[in-house]
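Both ligands and their constituent atoms are indexed starting at 1 by order of listing. These numbers were taken from a predicted model, which means no experiment stands behind them.
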Amino acid sequence: MNSRIRKAVFPVAGLGTRFLPATKAMPKEMLTVVDRPLIQYVIDEARAAGIEHFVLITGRGKGVIADHFDFQIELEATLRERGKTEAVEQLAAFMPTPGQMSFTRQQSPLGLGHAVWCAHDLIGDEPFAVLLPDMIMQADPGCMAEMVAVYNETGGNVIAVEECDPALTNQYGIVGVGKKAGTGGAFEITGMVEKPAPDKAPSNLYINGRYILQPQIFAHLAKQQRGAGGEIQLTDAMIALSKEQPFYGCRFNGRTYDCGSKIGFLTANIAFGLDRPELSSELKQELRELLAKHGG
Ligand code: G1P
């Protein structure tokens with residue numbers, strides 16, 4: 001029986017330079033898609049997968065993320081006074097229970113691998129999930145829930161992957177595809193490369209920012225070796241761990257929006273807006289008019 005995935009790590013210390021000036025004083029994880037900040041999408045996805053403890057790796061200027069997951073007593077009192085009980089209930093619905101969320105600090109931006117390593121004490125000796133808040137998905141119950149189902153069959157380490165434009169392999173971690181694993185669409189990963197040029201990529205299946213990892217990853221991250229871009233890369237530690245333990249790819253069938261890029265973020269707003277019954281028909285009309293005006 002594989003141990004249950006109870007804890008998840010959310011690296012939220014990144015600077016968000018691609019979204020300046022919006023992210024000068026506001027964390028990029030608080031950018032909104034429709035009416036929810038990015039961080040809320042990933043916390044909800046983790047919760048839908050049965051995660052019980054959320055570990056956020058924060059940095060300077062990120063305090064508002066912790067505030068987002070706390071009561072806002074004055075606001076709630078005002079809403080109640082105005083009879084807006086539905087809004088109060090909606091706010092209460094995504095609140096973690098006391099003790100369910102922990103924060104630790106990555107003092108220097110040394111890379112994703114270093115951010116995950118910062119969680120080693122809070123995670124301890126059990127397998128755990130990692131969710132990158134830049135990447136949000138449209139799927140019910142969600143990508144992490146699909147991965148937990150795969151993990152329950154395969155054990156080991158499970159990485160979600162999705163097809164990308166073969167010209168864009170240099171923006172992501174790319175995996176090599178081996179034998180089928182389990183009863184669904186999962187497969188054995190034969191290799192991983194961080195941001196390879198298209199002619200060096202083993203496939204066009206990219207790592208979409210969702211991981212289930214065994215705690216032995218921390219021993220490799222502890223070596224703090226610098227990789228691509230001079231940063232401590234999670235992918236490099238996974239490559240080292242894959243020599244000791246199996247890694248499986250979970251082909252995600254939904255669509256991931258890379259909200260670390262402007263085009264992904266804008267598209268996510270439209271896609272999630274079109275999914276909302278109260279917005280959909282008006283938004284479609286607006287889009288038709290805009291496309292006609294722009295010759296689309
Ligand atoms: C990180 C990972 C990469 C993954 C990507 C998904 O890269 O290193 O393997 O494909 O996230 O967003 P970053 O976006 O931090 O450059």
field: Whether Lys7 side chain and Leu122 backbone form a donor-acceptor pair below 3.5 Å
entry: yes
- request: Consider only side-chain heavy atoms of I, L, V, M, F, W and Y, link residues closer than 4.5 Å, and tell whether Met137 and Leu168 are in one cluster.
  value: no
task: Could you tell me whether the side chains of Ser3 and Glu126 share a donor-acceptor contact shorter than 3.5 Å?
output: no
query: Considering only heavy atoms from C-beta outward, does the side chain of Glu163 approach that of Leu205 to under 4.5 Å?
result: yes
query: Would you call the rings of Phe265 and Phe19 parallel, tilted or perpendicular if under 30° counts as parallel and over 60° as perpendicular?
result: perpendicular
- request: For atom 12 (O) of ligand 1, grab the closest protein heavy atom and report residue, atom and distance to one decimal in Å.
  value: Met135 SD, 3.4 Å
query: Can you find an N/O atom of Leu112 closer than 3.5 Å to an N/O atom of ligand 1?
result: no
field: Single-linkage hydrophobic cluster Ile43~Val130, side-chain heavy atoms < 4.5 angstrom
entry: no
- prompt: So, does Thr235 sit close enough to ligand 1 that a heavy atom of it is under 4.0 Å from the ligand?
  reply: yes
message: Considering non-hydrogen atoms of the protein only, which is the closest contact for atom 8 (O) of ligand 1, and what is the distance?
response: Glu194 OE2, 2.7 Å
message: Parallel, tilted or perpendicular: which one describes the rings of Phe218 and Phe128, with boundaries at 30° and 60°?
response: parallel
task: Answer yes or no: does an N/O atom from Lys195 fall short of 3.5 Å to an N/O atom of ligand 1?
output: yes
query: Using heavy atoms and a threshold below 4.0 Å, how should the contact between Gln171 and ligand 1 be classified: side chain, backbone, both, or neither?
result: neither
- prompt: Any nitrogen or oxygen of Leu132, main chain or side chain, under 3.5 Å from a nitrogen or oxygen of ligand 1?
  reply: no
query: What protein heavy atom sits nearest atom 5 (C) of ligand 1, and how far away is it?
result: Ile207 O, 4.0 Å
query: Is any heavy atom of the protein nearer than 4.0 Å to atom 15 (O) of ligand 1?
result: no
